[in-house]
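The structure appears below as structure tokens.
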Protein chains: 2
Amino acid sequence: MEIRRLKSLLKKNKHYITKPRLRLFAVLQKHPALTVNQLILLVPKHDQATVYRNIALFEELGVINRLRLGWLTKIELSDIFQHHHHHFTCINCGKVITLPDQPAIEKNIKSMVDKQGFKAMDHQLEIRGYCPRCKELKRTKSLQSEPVSS
Amino acid sequence: MEIRRLKSLLKKNKHYITKPRLRLFAVLQKHPALTVNQLILLVPKHDQATVYRNIALFEELGVINRLRLGWLTKIELSDIFQHHHHHFTCINCGKVITLPDQPAIEKNIKSMVDKQGFKAMDHQLEIRGYCPRCKELKRTKSLQSEPVSS
DNA sequence: CTATAATTTGCGAAAAATTTGCAAATTATA
DNA sequence: TATAATTTGCAAATTTTTCGCAAATTATAG
């Protein structure tokens, strides 16, 4: 259970284990990537100020990452709590797709970083373009409609 | 001159070539990456509403990209107007470093995307960690101070 | 389990960031 | 250079994020 890891992380850093924090975490576990606003809506028992404060705390502790997906900033659990992965965002339909592991890319990144004398803690790769479905639509009918909201 | 490309892009899409747009573009050419607020401050002749509206337009036309750098969202000219590159952000001092070309990574990304049946339009990679200087500091004195603001 | 001390929450209000309506100014075109 | 269309600047409205403080919750020691 990942929840144990969260709890020990909070304790280690002298923060209380509270209901809002646990609920927030549970919501993040259920959803792949959420905007701040979606998060607020999904934790209706708690005030938005509480959500903002705990997002900040989770960032500080490295529990979550902020992603730039399309024009939106979204939040997801960091690699500590879920398998490391990259994202593809469809420009047309807005869908966010988790990409399969790419060991070669990871290796390349690591070796470049080492060569430059950096110490990398994490990284994120976002690819934007057309998903297979929208690519096809574009080829045939042409892309006329507005992007679907996420 | 890249400015010609901007002008033809505007014309092609039936937008006017205006002073605010040209000034905005010039500022973006001078600086590697700016927050919206920095942009507003650097174009003091024009209203912030104008800046926001033109940021939106530039996004639409693919003139600029939004980057997640550290906790900030910044704006920079897209690959159409400058050489494609990735970023390293130092967690400690906040510095943003442009990484050298990495053909292997580019190739890996391309082949993965093709294999999955996507059509990629662009991508961005951000690596976070410690720059050589802060890495060293960390090893010796330990990292006590607040990150320097960008 | 209970009392105590410390942190966190909820709420209202404030501050910051972004968007909008509309008259005046700017730009394209012919 | 006149005309039509878009864009700008300004003020006001929204939306998003932050803050202060009393009340509630959580940790800890007994």
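The chains referred to below are lettered A, B, ... by the order of the sequence lines, with proteins before strands, and numbering in each begins at 1. Keep in mind the model is a prediction, meaning the values are calculated, not measured. Side chains included, hydrogens not; waters and symmetry mates left out as well; all remaining heavy atoms used.
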Task: Which residues share a side chain to side chain contact (heavy atoms under 4.5 Å, CB included) with B:Asp122, sequence neighbours left out - done: A:Arg128, B:Asn65
Open item on the list: Test: side chain to side chain donor-acceptor pair (under 3.5 Å). Region: residues 3-13 of chain A. Which pairs qualify, not counting sequence neighbours?
Closed with: A:Glu2-A:Arg5
Task: Residues which pass side chain to side chain contact (heavy atoms under 4.5 Å, CB included) with A:Thr73, listed by chain and number, not counting sequence neighbours - done: A:Arg66, B:Thr73
Task: Span of DNA chain C, from the first to the last nucleotide whose atoms fall under 4.0 Å of chain A heavy atoms - done: C:dA6 to C:dC11
Task: Heavy-atom donor-acceptor pair, A:Gln38 side chain to A:Thr35 backbone, under 3.5 Å - done: yes
TODO: Name all pairs fulfilling the salt bridge (Lys or Arg N to Asp or Glu O under 4.0 Å) condition that reach into residues 37-54 of chain A, sequence neighbours left out, sorted by first residue then second.
DONE: none
Open item on the list: I'd like to know if the side chain of B:Thr98 and the backbone of B:His87 have a donor-acceptor N/O pair within less than 3.5 Å.
Closed with: no
- [ ] If a pair satisfies ring-ring contact (aromatic ring centres under 6.0 Å, His included) and one of its residues is in residues 2-55 of chain A, list it, with sequence neighbours excluded.
- [x] A:Phe25-A:Phe81
- [ ] Pick base, sugar-phosphate or nothing for B:Lys45, based on heavy-atom distances below 4.0 Å to the nucleic acid.
- [x] sugar-phosphate
Open item on the list: Which residues in residues 47-63 of chain A have a heavy atom closer than 4.0 Å to any atom of DNA chain D?
Closed with: A:Gln48, A:Ala49, A:Tyr52, A:Arg53
- [ ] Using a 3.5 Å limit on both pairing distances, list the dot-bracket string of DNA chain C from the 5' end; Watson-Crick and G-U wobble pairs count, crossing pairs take [ ], interstrand pairs take |.
- [x] ||||||||||||||||||||||||||||||
Open item on the list: Once ring-ring contact (aromatic ring centres under 6.0 Å, His included) is applied, what residue pairs with a partner in residues 94-125 of chain A remain, sequence neighbours excluded?
Closed with: A:His84-A:His123, A:His86-A:His123, A:Phe118-B:Phe88
- [ ] Using a cut-off of strictly less than 4.0 Å between a heavy atom of the residue and any atom of DNA chain C, enumerate the qualifying residues of residues 18-30 of chain A by number.
- [x] A:Thr18, A:Pro20, A:Arg21
Open item on the list: So, using ring pair (Phe, Tyr, Trp, His ring centres under 6.0 Å) as the criterion, who are the partners of A:Phe58 when residues are at least two apart?
Closed with: none
Open item on the list: Less than 4.5 Å apart, side chain to side chain, heavy atoms only: is that true for B:Thr89 and B:Lys95?
Closed with: no
Task: CD-CG distance between A:Gln102 and B:Asn108, expressed to the nearest 0.5 angstrom - done: 6.5 Å
Open item on the list: Filter on salt bridge (Lys or Arg N to Asp or Glu O under 4.0 Å), then keep only pairs touching residues 13-35 of chain A, sequence neighbours left out; what's left?
Closed with: none
